[in-house]
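Keep in mind it's a predicted model, so treat the numbers as computed, not measured.
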Amino acid sequence: MTASDPKEDLRRCLQDAREVMLWKLDGLPEYDVRRPLTPTGTNLLGLVKHLTGAEALYLGATFGRPFDAPALWITGDAEPDADLWARPEESRESIVAGYRRAWSQADATIEALPLDAVGRVPGGPGVELTLHRVLTHMIAETHRHAGHADIVRELIDGAAGQRAQGANLAPHDPGHLARVERAAEEAAALYR
């Protein structure tokens, strides 16, 4: 067994989730990457745009290394939910390119600083966080949204799983959905 580099392990985990986010866009027409599929408006391209802004905030500005990205509504720098959907004039290509630039800038921050480096989140009370804590947050944030993207993509065309090849899911059983539905109905009757 070889020793691992904790910082590289964290970066690799973040990169894995980043790549999931982009494959969820693959092969879909423009309408499908933008259309809201939940009552709150969750859509694939908006999730990518949001994560671009999150990486810029947490792995850029927090450590004095700001770079251009969509402002997050939660910071008060944009209208509510502005970072969670793409305007018609914002092309898929420009949003994806922006996300890739955010990766590069964020990775430069990760490379340049030790895990115990302290940064200050801009705005509000200016919370101080270590790079380790920020990386942990971005991994959780990106994987959380990768889960959203997985569900949204499955609703669009049935594609599911962590990767396009080797979807990390059990083989599709056409009777599975019906079994789950029956179990829900039986449990509802049992636990009234």
Side-chain angles (χ1 to χ4, degrees), residues 11-60 67-107 137-185:
R11 195 206 61 76
R12 192 173 303 129
C13 190
L14 176 58
Q15 185 61 35
D16 187 49
R18 290 166 168 168
E19 291 171 7
V20 168
M21 292 303 303
L22 292 187
W23 100 253
K24 296 300 177 178
L25 303 174
D26 285 351
L28 291 177
E30 204 61 37
Y31 174 73
D32 285 337
V33 299
R34 295 169 179 267
R35 70 178 165 132
L37 284 159
T38 69
T40 58
T42 302
N43 65 91
L44 294 171
L45 202 55
L47 291 170
V48 172
K49 182 180 172 183
H50 168 74
L51 287 169
T52 304
E55 290 215 21
L57 174 67
Y58 288 106
L59 289 165
F67 55 91
D68 189 39
L72 299 179
W73 73 268
I74 200 164
T75 64
D77 295 328
E79 68 182 58
D81 294 335
D83 56 308
L84 292 165
W85 63 285
R87 296 184 186 326
E89 65 275 8
E90 295 176 303
S91 72
R92 176 195 324 212
E93 292 76 19
S94 69
I95 290 173
V96 168
Y99 191 38
R100 289 185 184 279
R101 277 191 307 280
W103 297 359
S104 178
Q105 296 282 355
D107 286 350
H137 171 76
M138 280 310 307
I139 290 165
E141 176 84 357
T142 308
H143 276 281
R144 175 178 180 253
H145 291 311
H148 295 143
D150 196 37
I151 291 167
V152 169
R153 179 66 189 251
E154 187 175 0
L155 290 170
I156 292 169
D157 68 357
Q162 190 172 1
R163 292 180 179 74
Q165 305 80 20
N168 73 317
L169 298 173
H172 181 68
D173 171 8
H176 177 70
L177 186 61
R179 280 192 302 280
V180 174
E181 178 64 30
R182 272 193 315 277
E185 290 169 354

Exercise for the section: Only counting residues at least two apart or in another chain, list the ones meeting ring-ring contact (aromatic ring centres under 6.0 Å, His included) with F67. Expected result: none

Exercise for the section: Count the heavy atoms of every other residue, nucleotide or ligand shown that sit under 6.0 Å from CG of D81, and state whether that count exceeds 12. Expected result: yes

Practice task
Grab the two heavy atoms, one from L155 and one from L37, that are nearest each other, plus how far apart they are.
Solution key: CD1-O, 4.2 Å

Practice task
Identify the heavy atoms of T52 and I95 that sit nearest to each other, and give their distance.
Solution key: OG1-O, 4.4 Å

Problem - Residue pair V152 / K24, side-chain heavy-atom distance below 4.5 Å - result: no

Problem - Selection residues 39-51 - residue pairs positive for salt bridge (charged side-chain N to carboxylate O under 4.0 Å, His left out), sequence neighbours left out - result: K49-E90

Problem - Listed partners of H143 passing ring-ring contact (aromatic ring centres under 6.0 Å, His included), at least two apart - result: none

Practice task
Enter the distance from I139:CD1 to R144:CZ here, rounded to the nearest 0.5 Å.
Solution key: 16.0 Å

Practice task
Report yes if some heavy atom in the side chain of R179 is under 4.5 Å from a heavy atom in the side chain of D173; otherwise report no.
Solution key: yes

Practice task
With rounding to the nearest 0.5 Å, note down the distance linking OG1 in T142 to CE in M21.
Solution key: 8.0 Å

Practice task
Check side-chain hydrogen bond (donor to acceptor under 3.5 Å, both in side chains) between S94 and all other residues, then give those that pass, not counting sequence neighbours.
Solution key: S91

Handout entry: Closest non-hydrogen atom pair between A146 and V20, with its separation
Key = CB-CG1, 3.8 Å

Practice task
Output yes when a side-chain donor or acceptor of R34 lies under 3.5 Å from a complementary backbone atom of G46, and no otherwise.
Solution key: no

Practice task
Report yes if some heavy atom in the side chain of T42 is under 4.5 Å from a heavy atom in the side chain of I151; otherwise report no.
Solution key: no

Practice task
Check the pair V33 / V48 against side-chain contact (heavy atoms from CB on, under 4.5 Å), numbers first and verdict last.
Solution key: CA-CA 10 Å; V33 299; V48 172; over 6 Å; no

Problem - Closest heavy-atom pair and its distance - A69, A56 - result: CB-CB, 3.3 Å

Problem - salt bridge (charged side-chain N to carboxylate O under 4.0 Å, His left out) pairs, two or more places apart, involving residues 92-101 - result: E30-R92

Exercise for the section: Could you tell me whether the side chain of R18 reaches within less than 4.5 Å of the side chain of L51, counting heavy atoms only? Expected result: no

Practice task
Take the angle between the ring planes of H145 and H148 and call it parallel below 30°, perpendicular above 60°, tilted in between.
Solution key: tilted

Handout entry: Interatomic distance, W103 atom CH2 to E55 atom CD [nearest 0.5 angstrom]
Key = 8.5 Å

Exercise for the section: State, yes or no, whether a side-chain contact exists between E141 and H50 at a heavy-atom distance under 4.5 Å. Expected result: yes

Handout entry: Pair D157 + R153: basic N to acidic O under 4.0 Å
Key = yes

Problem - Minimum-distance pair of heavy atoms, taken over all atoms of N43 and L84 - result: ND2-O, 3.0 Å

Exercise for the section: Output all residues satisfying ring-ring contact (aromatic ring centres under 6.0 Å, His included) with H137, sequence neighbours left out; order by chain, then residue number. Expected result: Y58

